[in-house]
Undergrad: 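I'd like to ask you about the structure that follows.
None of these values were measured; they are calculated from a predicted model. Protein chains get the first letters and strands the later ones, always in sequence-line order, with residue 1 at the start of each.
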Protein chains: 2
Amino acid sequence: MINKKSPIPLYYQLEEHIIELIEKGELRPDDALPPEREYAEKFGISRMTVRQAYTELVNKGYLYRLQGKGTYVAERKIEQPLQGLTSFTEEMKARGMEPGSQLIHFQINPASEIIAKQLAISEAEPVYEIMRVRLADGVPMAIETTYIPANLIQGMTQEIVNQSLYAYIQENLKLRISSGSQVIESSIASQNEAKLLHIGKGAPVMLIESTTYLENGTPIEYVKSVYRADRYKFILNINR
Amino acid sequence: MINKKSPIPLYYQLEEHIIELIEKGELRPDDALPPEREYAEKFGISRMTVRQAYTELVNKGYLYRLQGKGTYVAERKIEQPLQGLTSFTEEMKARGMEPGSQLIHFQINPASEIIAKQLAISEAEPVYEIMRVRLADGVPMAIETTYIPANLIQGMTQEIVNQSLYAYIQENLKLRISSGSQVIESSIASQNEAKLLHIGKGAPVMLIESTTYLENGTPIEYVKSVYRADRYKFILNINR
DNA sequence: TCGGATCACTGGTATAGACAACTATACCTA
DNA sequence: TAGGTATAGTTGTCTATACCAGTGATCCGA
């Protein structure tokens with residue numbers, strides 16, 4: 001569990017261990033963690049080292065502390081630091097709507113200049129291109145085109161895409177998503193967009209371009225979305 | 001500077017001290033802070049305590065560390081955790097444009113139901129209402145209407161508004177802004193909006209409603225903005 | 001001149017221990 | 001019963017110390 005010989009810092013090993021317990025569901029929201037002193041004794045490390053691991057996890061939003069009581073697993077709220085890194089599926093569920101999806105195409109193409117730049121790969125490297133109409137309660141909400149470097153996630157199938165890509169990345173590939181950037185702008189629906197979204201040509205739409213990165217800074221996906229402005233608002237909460 | 005008799009934790013006193021130096025401009029972005037060991041000796045406290053203060057300020061985005069080199073004042077970049085809590089002025093500067101402003105009106109009104117709800121005050125309580133056309137390099141960029149509870153900031157004048165409201169709040173009122181929420185949507189310019197923004201009626205615009213809160217959770221301002229979609233994109237970066 | 005070794009200084013990790021502040025419970029007393 | 005006291009267990013703060021790891025300058029030798 002904790003390897004004192006490893007060059008990986010002890011507090012970091014403990015962090016990973018606890019995150020794993022949470023992700024496996026062995027620790028559920030509001031469960032108490034062992035007291036700092038107990039963990040310290042159990043692993044033969046000092047209390048301050050346990051404390052450092054707990055503190056980082058509190059900062060990252062995995063845990064919360066109550067003085068005099070203990071340290072507990074935090075709820076993974078959508079509103080909080082996850083904001084902007086959630087998938088369409090999670091977001092719609094959080095808004096109380098039933099998410100759906102309609103595949104337009106699923107192909108592997110060589111990366112265009114723009115896509116290559118966004119994904120930090122060379123031009124013409126293969127990328128998955130997945131275009132879907134996203135539904136909320138059965139009504140078209142957005143057109144979403146996702147680009148993923150094929151070398152990063154090999155053998156991806158349509159099935160995976162229809163599940164949660166994020167969950168797949170975390171569970172099967174043991175990679176953790178850590179940051180993202182988004183550009184949001186207003187525009188007007190083209191003929192084709194209008195048709196797919198069941199709105200009139202020239203109706204207002206919201207364009208969202210979003211790039212997601214792993215912990216080491218590698219881009220994992222680049223998504224271009226066209227949302228119906230009459231049904232979608234982008235909500236952002238910030239806490240310093 | 002640092003009072004060992006005070007019940008306020010030493011690391012917190014040091015944090016406040018450093019923030020003050022940064023806000024007064026005595027420490028500028030990329031300036032080096034004293035090494036941990038030096039501060040420790042200077043104030044007669046242990047290095048770990050200095051380290052705790054530095055660490056918290058790194059987490060809050062005030063400082064950054066380079067192993068083997070030192071600890072430095074961070075730039076208050078738009079990209080970073082400030083995102084969405086910056087003023088129009090700061091944001092335009094960060095984008096390399098010269099911000100400007102054209103006052104449409106400055107008045108005190110009783111709060112409407114919607115405004116009262118956003119500012120968490122009673123209906124009909126007085127609020128400042130400031131409507132301005134915001135310019136970037138002399139060209140209209142947005143129409144911004146700001147609502148501020150009059151009881152919170154008494155005796156506000158047009159001059160203050162033309163300076164930085166954020167700076168005024170922090171320096172004169174000793175209040176620190178800590179969180180905010182924004183709702184972003186797409187729409188189409190009304191006749192009046194089109195006229196003020198020098199665009200055609202029906203051109204796409206971006207509506208941004210934004211509420212800003214103090215550390216204790218009190219809303220301090222509610223802003224409704226209408227941005228020209230042809231000149232403005234909303235950029236958001238997230239780091240977990 | 002170039003390259004490598006050394007050194008001083010920085011932050012990074014880790015230990016051991018002390019006391020304060022806070023919570024919850026049990027128990028005692030008016 | 002209500003209120004105070006004692007106690008055990010928790011996190012919070014702080015000290016003192018040690019050694020590791022990265023940076024950059026300086027020195028030295030080929």
Undergrad: How close or far is atom P of D/dC14 from atom OH of B/Y39, stated in whole angstroms?
TA: 16 Å
Undergrad: Under 4.0 Å between a side-chain N or O of B/T49 and OP1 or OP2 of D/dT15?
TA: yes
Undergrad: So if I define the base as every atom that isn't primed, P, OP1 or OP2, how would nucleotides 7-13 of chain C read as a B/S/- string at a heavy-atom cutoff under 4.0 Å?
TA: ---BBBB
Undergrad: Any salt bridge (Lys or Arg N to Asp or Glu O under 4.0 Å) pairs touching residues 116-130 of chain A, not counting sequence neighbours?
TA: none
Undergrad: Rounding to an integer number of Å, can you tell me how far A/E41 CD sits from D/dG9 P?
TA: 13 Å
Undergrad: Figure out the OH/C1' separation between A/Y64 and D/dG12, and round it to whole Å.
TA: 18 Å
Undergrad: Going by the rule ring-ring contact (aromatic ring centres under 6.0 Å, His included), which residues pair with A/Y54 if we only count those two or more places apart in sequence or in a different chain?
TA: none
Undergrad: Show me the donor-acceptor pairs, under 3.5 Å and distance only, between side chains in residues 64-71 of chain B and residues at least two apart or in other chains.
TA:
from	atom 1	to	atom 2	distance (Å)
B/Y64	OH	B/D30	OD1	2.7
B/R65	NH1	B/E36	OE2	3.1
B/R65	NH2	B/T55	OG1	2.7

Undergrad: Residues in ring-ring contact (aromatic ring centres under 6.0 Å, His included) with A/Y39, at least two apart?
TA: A/F43
Undergrad: Indicate whether OP1 or OP2 belonging to D/dT13 is found under 4.0 Å from a side-chain N or O atom of B/K4.
TA: no
Undergrad: Take the protein atom CG of A/L63 and the nucleotide atom C1' of D/dG12, then report the distance between them rounded to whole Å.
TA: 16 Å
Undergrad: Can A/E16 and A/Y12 be counted as having a side-chain donor-acceptor contact under 3.5 angstrom?
TA: yes
Undergrad: Over how many whole Å does the gap from B/Q13 atom CD to D/dC14 atom C1' extend?
TA: 13 Å
Undergrad: Who are the ring-ring contact (aromatic ring centres under 6.0 Å, His included) partners of B/Y232, not counting sequence neighbours?
TA: B/Y227
